[in-house]
Amino acid sequence: PALAWFGFVLISAQALAWGGLQVAFNSGLVGGLLLVAVGQAAFWAIVSSANSAVEFRMRAIEIDTAVTAASAARAEKMQRLQQTLSSAMPLLEKIRRQSGDLNPSDRAEAVLLEAQLRDQIRGRLLLNPDVIKATQEARIRGVEVQLLDDGGLDDLSDDDREKYLSQITEHLRNVKAGKVVIRASIGESWRVTMAAIQKDADRPDLFIRL
């Protein structure tokens with residue numbers, strides 16, 4: 001556009017210098033003005049269309065990425081749940097065969113299994129292999145653990161979420177007795193709260209906000 005307008009002004013100046021104002025309407029200057037103006041308008045339209053196309057494409061990529069991530073998360077969750085159910089089948093079959101008459105060891109295993117299934121439903125993004133392992137170890141020590149994901153980690157990237165889960169794992173491994181509640185809250189200035197308290201205690205042994 002700048003070159004076109006510069007050329008038109010240069011030609012107009014030469015034409016007027018040669019023939020004066022009387023040649024302004026019979027030398028093609030008006031047609032040239034219209035031609036450059038229409039070209040300028042077409043240029044703006046093409047640029048606007050190109051920008052809209054790029055914006056639409058970027059939005060489509062964002063949507064596809066979000067859908068793919070959600071599908072992958074669902075697939076991973078279903079895979080973990082299927083693995084848990086598969087590991088539960090031998091014990092469930094044993095419960096059926098013995099009509100629920102289990103020895104203390106089997107009862108303890110059933111309690112742990114029930115807690116794992118509950119984690120899969122309520123823990124959501126609070127679960128990763130390290131948290132799952134630390135939770136199981138805590139329950140074996142006699143610690144009651146509750147994982148409650150209310151959406152506090154939903155908008156984080158995988159790397160940022162792993163940082164929170166790493167801190168949860170570290171603190172959970174240090175709890176020796178009592179009850180631990182780990183909640184990923186939404187609508188707060190923090191992402192995760194973690195409280196550990198022992199029975200009949202006046203104050204929690206641990207209370208942190210991450």
Side-chain angles (χ1 to χ4, degrees), residues 67-156 158 161-188 190-210:
V67 170
T68 301
S71 299
R74 276 198 307 271
E76 182 180 0
K77 182 177 180 180
M78 290 302 299
Q79 182 180 10
R80 289 202 305 262
L81 183 57
Q82 187 61 43
Q83 290 174 348
T84 302
L85 290 174
S86 297
S87 63
M89 288 306 297
L91 180 59
L92 295 175
E93 181 63 23
K94 187 174 185 179
I95 293 173
R96 185 191 65 80
R97 289 197 311 267
Q98 299 180 191
S99 300
D101 185 15
L102 302 177
N103 59 41
S105 176
D106 290 336
R107 288 184 181 276
E109 183 181 355
V111 170
L112 290 175
L113 178 61
E114 186 273 337
Q116 292 172 19
L117 293 173
R118 189 170 60 245
D119 291 343
Q120 294 292 338
I121 297 172
R122 301 193 299 184
R124 297 180 61 240
L125 297 181
L126 284 171
L127 298 175
N128 73 356
D130 291 337
V131 172
I132 292 173
K133 182 179 179 182
T135 300
Q136 292 174 348
E137 292 173 348
R139 285 170 176 155
I140 292 173
R141 294 194 300 270
V143 179
E144 181 183 352
V145 183
Q146 289 187 6
L147 299 174
L148 305 172
D149 183 1
D150 296 330
L153 304 178
D154 287 0
D155 59 340
L156 295 179
D158 291 341
R161 189 181 303 118
E162 286 298 319
K163 294 177 182 178
Y164 285 96
L165 299 183
S166 177
Q167 294 183 64
I168 291 172
T169 301
E170 181 179 353
H171 288 295
L172 187 55
R173 286 172 176 165
N174 293 326
V175 178
K176 304 304 180 183
K179 178 179 180 180
V180 180
V181 178
I182 303 169
R183 182 187 297 271
S185 304
I186 193 171
E188 304 289 352
W190 55 86
R191 296 286 183 170
V192 178
T193 59
M194 186 172 181
I197 189 169
Q198 297 190 42
K199 186 177 180 180
D200 300 327
D202 294 333
R203 63 181 61 185
D205 297 334
L206 172 69
F207 182 78
I208 57 174
R209 289 171 176 170
L210 304 176

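Everything quoted here is computed from the prediction, not taken from an experiment. Here, residue 1 is the first one in the sequence, and each next residue gets the next number.
- Between atom CG of residue N103 and atom CD of residue E109 there is a gap of 9.5 Å, rounded to the nearest 0.5 Å.
- For E162, the side-chain hydrogen bond (donor to acceptor under 3.5 Å, both in side chains) test picks out N128, with sequence neighbours left out.
- In this structure, CG on L117 lies 7.0 Å from CD1 on I121, to the nearest 0.5 angstrom.
- We find the CD1-CG distance between I132 and L127 to be 5.0 Å, quoted to the nearest 0.5 Å.
- The side-chain hydrogen bond (donor to acceptor under 3.5 Å, both in side chains) contacts involving residues 134-143 comprise D119-R139, where partners must be two or more places apart or lie in separate chains.
- Evaluation of the salt bridge (charged side-chain N to carboxylate O under 4.0 Å, His left out) rule for D106 yields K94 as partners, not counting sequence neighbours.
- By the side chain to side chain contact (heavy atoms under 4.5 Å, CB included) test, R74 pairs with A70, S71, sequence neighbours left out.
- Atom CD of residue Q116 and atom CG of residue L147 lie 11.0 Å apart, to the nearest 0.5 angstrom.
- In terms of the side-chain hydrogen bond (donor to acceptor under 3.5 Å, both in side chains) criterion, D130 has no residue partners (sequence neighbours excluded).
- Summarising the geometry, atom CE belonging to M78 is positioned 10.0 Å from atom CD belonging to Q120; distances are rounded to the nearest 0.5 Å.
- Taking the side chain to side chain contact (heavy atoms under 4.5 Å, CB included) definition, one finds that R191 meets it with L153, D155, L156, Y164, sequence neighbours left out.
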Name each donor-acceptor pair under 3.5 Å that joins a side chain in residues 167-182 to protein atoms two or more places apart or in another chain, with its distance.
residue, atom, partner, partner atom, Å
T169, OG1, L165, O, 2.9
N174, ND2, E170, O, 3.2

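- By the salt bridge (charged side-chain N to carboxylate O under 4.0 Å, His left out) test, E114 pairs with R118, sequence neighbours left out.
- By the salt bridge (charged side-chain N to carboxylate O under 4.0 Å, His left out) test, K133 is found to be paired with no residue, residues two or more places apart in sequence or in another chain being considered.
- L210 CG to T193 OG1: the interatomic distance, rounded to the nearest 0.5 Å, is 8.5 Å.
- Heavy-atom minimum distance, D149 versus A184: OD1-CB, 3.5 Å.
- Not a single salt bridge (charged side-chain N to carboxylate O under 4.0 Å, His left out) links R97 to another residue, sequence neighbours left out.
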